[in-house]
Amino acid sequence: MSNPFDDIPFDDGPAPSRNNTSPAPKHAGGSGIAARAMAARSAPRYLEGLNPEQSRAVETVEGPVLVLAGAGTGKTRVLTTRIAHILGQGLAWPSQVLAVTFTNKAAREMKERIGVLVGGAVEGMPWLGTFHSIGVKILRKHAELVGLKSDFTILDTDDQIRLIKQLIQAEGIDDKRWPARTFAHLMDSWKNKGWGPGDIPEGDARAFANGKGRELFTAYQDRLRTLNAADFGDLLCHPIRILKNHPDVLAEYHAKFKYILVDEYQDTNIAQYMWLRLLSQRPKGRPANICCVGDDDQSIYGWRGAEVDNILRFEKDFPGAAVIKLERNYRSTAHILGAAAHLISHNEDRLGKTLFTDEADIDDPKVQVHAAWDSEEEARAIGEVIERLYSDQNDLNEMAILVRASFQMREFEERFIKSGINYRVIGGPRFYERLEIRDAMAFFRVVCQPADDLAFERIINVPKRGLGDASVRLIHDYARRKDIPMLAASAELIESTELKPKPRAALREVVLNFERWANALENTEHTELAETILEESGYTGMWQADRSAEAPGRLENLKELITSMSEFESLRSFLEHVSLVMDVEQNPDDDKVSIMTLHAAKGLEFKTVFLPGFEEGLFPHQRSLDEGGRNGLEEERRLAYVGLTRAKINCHIWFVSNRRIHGLWQSTIPSRFLDELPTTHVDVADPPSGYGGGNGGYGQSRFDKAEPFQNTYSTPGWARAQANKTDATRNNWGSRSGANVERIGYGETDSRRGAGRGSIKGTMIEGELVAKSVADKPSDFTVGDRVFHIKFGNGNIVQIDGNKLTVSFDKAGEKKVLDGFVEKV
DNA sequence: AATGCGGGTCTTTTT
DNA sequence: GACCCGCATT
């Protein structure tokens, strides 16, 4: 099949304008998109309706430009119009514009919208895509410069970890103490910085496996080269190395890319930054035409190496840069913007923007804060609001539930299935990560790329054909000894007597199968071939014979896989697509509520947004606080800001008093972010009907008598918390005491207060003081003690494991709970 | 070689 | 609580 690179002529001939400052050239018909863009030029309708800042961002095409685009200020519109403008003015051919996005979704959207502007599809924009997809393109073209072949395979995380594991074991390192996963993350962070084995600082190298970090890294890269494979990080790092070490190649790209556009600049990591720097270099005195669009307040990917610094430093990096702020918001009501602005103002590291809107309506609802007893009630209450809105003629498509962590999703799914609310999960367990899909893909990979040992190892004994560990090791060792791929090694081994007759026959069949399929590759329709492969390998049969509950679903998925292949022209281009685009597009025609993480929600908007889980420890997430300190907290706050600004009209925030984390019930306190919302834009909503009553199977909660949240939220305690919020906030995250201690403290406080006075929530806000006094109290339980638990009622301790108690509750049965949540009775 | 059990681990976000 | 892994058993 053809190299994906082939269909893009690398040299388009001279640019419409070699010299950027020269007048626009005459156009000789040419590719469809440019011609259409030309037609639009006489009446550049696309410029209509832009506000002055947006117009400036579109029309300042020469030199470096930083567009600070707040949420909902028309960022994508600016980017796409800018491209249309560049094409329309004849400043560059479509193939001379490099436009990088961070996600596939964003790239897709931009393509579509440029298409609308220019009136047609965007076939002519080959260099519009994610960093990774463009990296692949460059790498395929120059693969030999880093010791790869152009048809290298792209490893996903799973392959990567299996490979690292092999290497760790080969080095004689205990893979229990030094897990492959950990090293994968470590190496990932190195690659995010653009480092190769030689570049990592001594300290970093020593940090893993008693100083074997560097050797492992080297061994890993060597192995990738023999496998003719690249991992995700390499898709950025290899091109950087190529551009750095080969001035002629760099010059080619310099000549090629007249205009560079970068979306979500705040999310770029160091490697991506280096990559952009290289490509945007220009001869002395000639500033690059690079336009970076981003929002420092929406930088939420620090944990995977993004450097907010890149955007904060832009003017230094590109002297003379024009900086354009987009602050007029076209999405949300003044209440939502007011709430979001006040929240984000608690961050210190900002370039400082304030969103505004003129569209203030007295009827606009404020941001609603709700309390629920536990996650179950939270889901039910949100479901009820959704049903109410739905019967009020609101589309489910206009509603979204945005969670901090994916485990929160399950509760909503269960609830919605029960009550028949249609929903879609975005970014959940992915199609291409399913076992059967990965197996099937492994077959295809070996057919297309016989040196792909990882794929080969995955399916050599699938379905079971008697080639167990012993046989695999034999093949593996033989291959390594002769320095050939395992499939080739197998072909040799079946001619010898090294294997016992049984496995030998099985292996022979495998080898012959792959030979036959590889031969069919050129002259068989690829969907047909794929089906044949799954059929003849016995893979389909394996699942047909499987009586387990999930087998039919798996077969269904395999069918789906084949179907989705038909859109591609070959098996190979399909494989490429899958490795880069792990998500499957959802059908927007069905009316469904979206459930997704806050991270996945960036860039989207909904009329109504639900933000559950505003509790300390979950949001802000404890781990961000522990590992990231103040920066971590600020990133969490930006995440909250992203969440709020997704809403156009309604924004509902929820928090619960009890959440099950790691299988244990824990009391929680409301998120500090709630304290950071301005009262002028926020309403504390009525408690849901049946508050505290629907606790399911564990009998009457003593909180049934508790006053509703509403009352306590407006108590002096709440007012005081508001007044002191700066102090309170600082207190909370300043201490390294850790949330566990705090939670235990609060938990005890809770049950005590709750028992006597019927006021829960007041405690939580004021709780700090109380918490400190109880946190250090040693727990003194013994097996057999009679205890009371806030949720499960009375019971007897049957086992104690540190601070974990196993209690046999009278009504709820046996549960594991932390000792902080029960008290002796 | 395949299956089943028990223990240990890990639970934020993802191109 | 859920999942993964290794071990022991057949």
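Each chain gets a letter, A, B and so on, in the order the sequences are listed, and its residues count up from 1. Hydrogens, waters and symmetry mates are skipped; everything else that's a heavy atom, side chains included, is used.
Ring to ring, A/Y273 and A/W275 are not that close: their centroids are 6.0 angstrom or more apart. A/W303 and A/H599 have their aromatic ring centers within a separation under 6.0 angstrom.
Residue-level contact check: A/T182 touches neither bases nor backbone, having no heavy atom under 4.0 Å from any strand. Contact annotation for A/T157: no contact, since no heavy-atom pair falls under 4.0 Å across all strands. Counting non-hydrogen atoms under 4.0 angstrom, A/N461 reaches the backbone sugars and phosphates but no base.
Dashed line: the shortest gap from a side-chain N or O of A/N104 to OP1 or OP2 of B/dT14 is not under 4.0 Å. When the side-chain nitrogen and oxygen atoms of A/T268 are compared with OP1 and OP2 of B/dT15, none of them lie within a distance under 4.0 Å. Taking only side-chain nitrogens and oxygens, A/K165 comes nearer than 4.0 Å to OP1 or OP2 of C/dG6. Close to B/dT13, at under 4.0 Å from its OP1 or OP2, lies no side-chain N or O of A/S624.
Comparing B/dT14, B/dT13, B/dA2 by their nearest atom to the side chain of A/S406 picks out B/dT13. Side-chain proximity of A/W303 to B/dT13, C/dA2, B/dA1: nearest is B/dT13. Distances from the side chain of A/H132 to the nucleotides B/dA1, B/dT13, B/dT15 place B/dT15 closest. Taking every side-chain heavy atom of A/A470 into account, B/dA1 is the closest of B/dT13, B/dA1, B/dT15. Proximity note for A/H599 (side chain, C-beta onward) versus B/dT15, B/dA1, B/dT13: the nearest is B/dT13. Of the candidate nucleotides B/dT11, C/dA2, B/dT15, B/dT15 has the atom lying nearest to any side-chain atom of A/T130.
The separation between A/Q408 atom CD and B/dT11 atom P is 16 Å, rounded to whole Å. Atom CZ in A/R162 sits roughly 14 Å away from atom P in C/dC4 (whole-Å rounding). Atom NE2 in A/H185 sits roughly 12 Å away from atom C1' in B/dT13 (whole-Å rounding). Between A/R181 atom CZ and C/dC5 atom C1' there is a gap of 12 Å when expressed in whole angstrom units. Summarising the geometry, the separation between CD on A/E627 and P on B/dT13 is reported as 13 Å, rounded to the nearest angstrom. Rounded to whole Å, atom C1' of B/dT15 lies 13 Å from atom CD of A/E264. The interatomic distance linking A/K602 (NZ) with B/dT15 (C1') rounds to 12 Å, in whole Å. Distance, A/K105 NZ to B/dT14 C1': 12 Å, rounded to whole Å.
Aromatic ring pairs are classed by plane angle as parallel below 30°, tilted from 30° to 60° and perpendicular above 60°; the pair A/F568 and A/H577 is tilted.
Residues A/D231 and A/Y220 have side chains that bring a donor and an acceptor to within less than 3.5 angstrom of each other.
Ion pair A/E457/A/R162 not flagged as a salt bridge, since none of the NZ, NE, NH1 or NH2 atoms sits closer than 4.0 Å to an Asp/Glu carboxylate oxygen.
Position along DNA chain B of the nearest nucleotide to A/F102 versus A/E636 favours A/E636 as the more 5'-ward residue. Position along DNA chain B of the nearest nucleotide to A/R465 versus A/R623 favours A/R465 as the more 5'-ward residue.
The ring-ring contact (aromatic ring centres under 6.0 Å, His included) test with A/F614 singles out one residue from A/F619, A/F655, A/W654, and that residue is A/F619.
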